[in-house]
Amino acid sequence: MRVRFAPSPTGTLHVGSARTALYNYLFARHTGGRFVLRIDDTDTARSDAALESAIMADLRWLGLDWEEGPDVGGPSGPYHQKERLKLYRGAAGELLDSGLAYRCFCPEERLEKLRREALVGGRPARYDRRCLGLAPDEVRRRLAAGEPAAIRFKVPEGDVVIIDLIRGPVTIGGDALSDPIIVRSDGVAGYNFATVADDLAMGITHVIRGDDHLTNTARQQLLFEALGGPVPQFAHHSMVLGPDGGKLSKRHGASAVGDYRELGYLPQAIVNYLALLGWSHGEEEVLGMPRLIAEFELEKLSPSPAVFDLPKLDWLDHEHIMALALEEHERRFAERLPLGTPPPAAAALAAAYQSSLVRYGAAPELAAAVLEPPLPPPELSAALLPAAEQLTRVRELRAEAPEWLTPAGARELLAAYRSWGKELGIGARDLLMPLRIALTGAEHGPELPFVLAALHRGVALARLDLALIGNRAGEPPTTPGDRS
RNA sequence: GCCCCCAUCGUCUAGCGGCCUAGGACACCGGCCUUUCAAGCCGGCGGCACGGAUUCGAAUUCCGUUGGGGGCACCA
């Protein structure tokens, strides 16, 4: 089994394309076949080397690696189409010689006009084959005169039946297929032809791509046959749609793999989500790459389009975060925090949020709420008024403890504080809520042990003092004090 | 306009003629847990697009309608 993913470096890696790459990858891994990366850069004007490396970086980031490709080489290279132009010219020459292809001198304006007329007349838009009947002599003469000419494939009569592994036989009416241009007038092969010549030369056995290629596949199947090669097996998966039901694109917001990386999603979550989008799985949904490989089958892919649902991606990301080893989670959390965040603080906050974090992109905001909290609003400061005794006690405890507390140490401190409060008959809420407000300026936030562990002793004491000052004055504090 | 593909809860899906009073997951709503918010746990709401046909029996097969998507380039 040999499959390929063939992006054109004219844009970044879209999640829809990433899904195609993933399905090819999973198929190769599941069957023990080979995954080939080929760069379809015959559109020389729009292709960009920087985009090409960005695409490869995104694929690797997702964990999709290839046995053969432009950077790793392989027996079927080169893996850039622009380095394979000679192959295409040779193949086109063969088709020309055998009468399966012909030169076309029609200027684009004429083709454009033809298209418009067909549309208005309610007919399928197809080339009228004006140049098919040109006498060989005339073709030679015009060529010799330097007139630009493209090469068209002469589509044979009759319907084309594609045997699709996902949707069964698909019949494309022959009269819907226009003679495709296989070599442009600038001498560079077009997509449909280069793809077929390469798939043949590279021994591709299964072509897995989006169903937007279905009509291309009809042409390409004919081309495979014309070139005398084996026709690969085809599988056309469905498209990814945006929330509004249209093809997912930039206008829906984040649609590139890189967007999601920057937003702080885990690659394994994206892979998991993309795999699930449009394929039938068992009751289990949180799956890592090994499971996906083990359970992937082309036949299980759904033929119907799937809407990209961000909340479900969020949930999967959350699941994969919880599955991470603590050290890795801490590392990922900490690297999102501002430079200079004290390591004990970063560790405590990471620990605080491993069970509830949705994506790492949220880390800075969550950390800031503890490390650089807002001043409590007047009504919360007022809530501290009756709590002077508690705040004084917890200040004493904190002052006696080390500069940095571990979450476990903080838990012990709080246990001591709570048993003190219990003896005085103070309820848990009256004990802990004033402390939370004094420390974070808010009623909501992570569990208190982590808050205490995230704050240096000096900072914690300063905040408690501030609360006590405001308390004594019966008013919100006027001096902000040390809030670092 | 022409051609192709698709059609089960809001979303992703299970279902491949009787096991379906249609199952699961996300989202949503409620409860529990809890110093708080989350998370977690438990429960609830919610769907076979419509019309014919085949059959003892249809979510499942066939036809049509409607709806959605895609393609119709000297882009890929």
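Atom set for the values below is all heavy atoms of this structure, side chains included, hydrogens, waters and symmetry mates excluded.
- Listed by residue number, there are no residues of residues 409-416 of chain A with a heavy-atom contact under 4.0 Å to RNA chain B.
- Rounded to whole angstrom, the span from the CG atom of Leu448(A) across to the P atom of C37(B) amounts to 14 Å.
- Counting to the nearest Å, the P atom of U11(B) and the CG atom of Asp314(A) are 18 Å from each other.
- Look at NE2 on His236(A): it is 15 Å from C1' on C6(B), rounded to the nearest Å.
- As rounded to the nearest Å, G44(B) and A27(B) have C1' atoms that lie 14 Å from one another.
- Among the protein residues, Arg116(A) comes within range of no part of the nucleic acid, since none of its heavy atoms lies under 4.0 Å from any strand.
- Using atom P as the reference point in both U65(B) and C3(B), the two lie 12 Å apart (nearest Å).
- Side-chain polar atoms of Arg46(A) and Ser8(A) form no donor-acceptor pair below 3.5 angstrom.
- If you take atom P in C5(B) and the same atom in C63(B), they sit 12 Å apart, rounded to whole Å.
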Which pairs, protein N/O on one side and nucleotides 65-67 of chain B N/O on the other, fall under 3.5 Å?
none

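- C3(B) atom P lies 15 Å from atom CG of Leu214(A), rounded to whole Å.
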Report, one pair per line, the protein and nucleotides 22-31 of chain B atoms (nitrogen or oxygen only) whose separation is under 3.5 Å.
residue, atom, partner, partner atom, Å
G24(B), N2, Glu285(A), OE2, 3.4
A25(B), O2', Glu285(A), OE1, 2.3
A25(B), O2', Lys312(A), NZ, 3.1
A25(B), N3, Lys312(A), NZ, 3.2
C26(B), O2', Lys312(A), N, 3.4

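- Side-chain contact between Leu414(A) and Leu432(A) is present, with at least one heavy-atom pair separated by less than 4.5 Å.
- Taking the ring axis of Phe153(A) as reference, the NZ or CZ atom of Arg219(A) does not stay both within 45° of it and closer than 6.0 Å to the ring centre.
- Arg393(A) pairs by the side-chain contact (heavy atoms from CB on, under 4.5 Å) definition with Glu396(A), Leu397(A), Tyr417(A), Trp420(A), not counting sequence neighbours.
- In this structure, Glu112(A) places its CD atom where more than 12 heavy-atom neighbours from other residues, nucleotides or ligands lie under 6.0 Å away.
- Between the C1' atom of U13(B) and the CZ atom of Phe308(A) lies a distance of 17 Å, rounded to the nearest Å.
- In this structure G18(B) sits in a base pair with C56(B), meeting the Watson-Crick or G-U test at under 3.5 Å.
- Across all strands shown, Gly278(A) has heavy atoms under 4.0 Å from sugar-phosphate atoms exclusively, and none from any base.
- Screening residues 173-196 of chain A for ring-ring contact (aromatic ring centres under 6.0 Å, His included), with sequence neighbours left out, gives Tyr191(A)-His213(A).
- Considering CD of Gln233(A) and CG of Leu165(A), their distance stands at 5.0 Å, rounded to 0.5 Å.
- Summarising the base pairing, A25(B) is matched to U11(B) through a Watson-Crick or G-U wobble pair whose two defining distances lie under 3.5 Å.
- Looking only at side-chain heavy atoms (C-beta outward), Glu83(A) and Pro70(A) stay at 4.5 Å or farther from each other.
- Remark: Ala306(A) pairs with Leu277(A) by the side-chain contact (heavy atoms from CB on, under 4.5 Å) rule, at least two apart or across chains.
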*With the sugar-phosphate defined as primed atoms, P, OP1 and OP2, and the base as all remaining atoms, what B/S/- string results for nucleotides 68-76 of chain B, 5' to 3', for protein heavy atoms under 4.0 Å?*
-SSSSSBBB

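- Under the Watson-Crick and G-U wobble criteria, each requiring two contacts below 3.5 Å, nucleotide C48(B) is left unpaired.
- At the heavy-atom level, Gly173(A) lies nowhere under 4.0 Å from the strands shown.
- Arg116(A) meets the side-chain hydrogen bond (donor to acceptor under 3.5 Å, both in side chains) test with no other residue; sequence neighbours excluded.
- If you take atom P in A59(B) and the same atom in C9(B), they sit 15 Å apart, rounded to whole Å.
- Across A73(B) and G15(B), the matching C1' atoms stand 42 Å from one another, rounded to whole Å.
- Between Asp198(A) and Arg4(A) there is no salt bridge, since no side-chain nitrogen of the basic residue lies less than 4.0 Å from a carboxylate oxygen of the acidic one.
- Inspection of the Asn192(A) and Gln220(A) side chains reveals an N or O donor paired with an N or O acceptor under 3.5 Å.
- Taking the side-chain hydrogen bond (donor to acceptor under 3.5 Å, both in side chains) definition, one finds that Arg38(A) meets it with Asp40(A), Asp199(A), sequence neighbours left out.
- Nucleotides G51(B) and A14(B) place their C1' atoms 27 Å apart, quoted to the nearest Å.
- Contacts between residues 346-367 of chain A and RNA chain B, defined by a heavy-atom separation under 4.0 Å, are made by Ser355(A), Ser356(A).
- Glu447(A) comes within 4.0 angstrom of a base, heavy atoms only.
- Distances shorter than 4.0 Å separate none of the side-chain N or O atoms of His444(A) from OP1 or OP2 on U35(B).
- Taking 4.0 Å as the cut-off between side-chain N and carboxylate O, Arg184(A) and Asp186(A) count as a salt-bridged pair.
- At least one side-chain heavy atom of Pro9(A) sits less than 4.5 Å from a side-chain heavy atom of Ser47(A).
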Atom pairs and distances, donor-acceptor, side-chain atoms in residues 346-369 of chain A, under 3.5 Å, two or more places apart:
residue, atom, partner, partner atom, Å
Gln354(A), NE2, Ile321(A), O, 3.1
Gln354(A), NE2, Leu324(A), O, 2.9
Arg359(A), NH1, Leu263(A), O, 2.8

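- Taking a pair to require two hydrogen-bonding distances under 3.5 Å in either a Watson-Crick or a G-U wobble arrangement, C2(B) pairs with G71(B).
- Both Ala118(A) and Met433(A) lie close to RNA chain B; mapped to their nearest nucleotides by heavy-atom distance, the more 5′-ward contact belongs to Ala118(A).
- Not counting sequence neighbours, Ser17(A) has no partner by the side-chain hydrogen bond (donor to acceptor under 3.5 Å, both in side chains) test.
- Atom P of nucleotide C37(B) and atom CD1 of Ile437(A) are separated by 13 Å, given to the nearest angstrom.
- Only the P atoms considered, G30(B) is 14 Å distant from A39(B), to the nearest whole Å.
- The CZ-C1' distance, from Arg436(A) to U36(B), rounds to 5 Å in whole Å.
- Contact check for Arg110(A) versus Asp128(A): side-chain heavy atoms found under the 4.5 Å cut-off.
- One can place CZ of Arg123(A) at 15 Å from C1' of C3(B), the figure rounded to the nearest angstrom.
- Atom name C1', nucleotides A49(B) and A7(B): the rounded distance is 8 Å, in whole Å.
- Proximity of Val170(A) to Ile163(A): side-chain heavy atoms (C-beta onward) are nowhere separated by under 4.5 Å.
- Within 4.0 Å (heavy atoms only), Val170(A) reaches sugar-phosphate atoms of the nucleic acid but no base atom.
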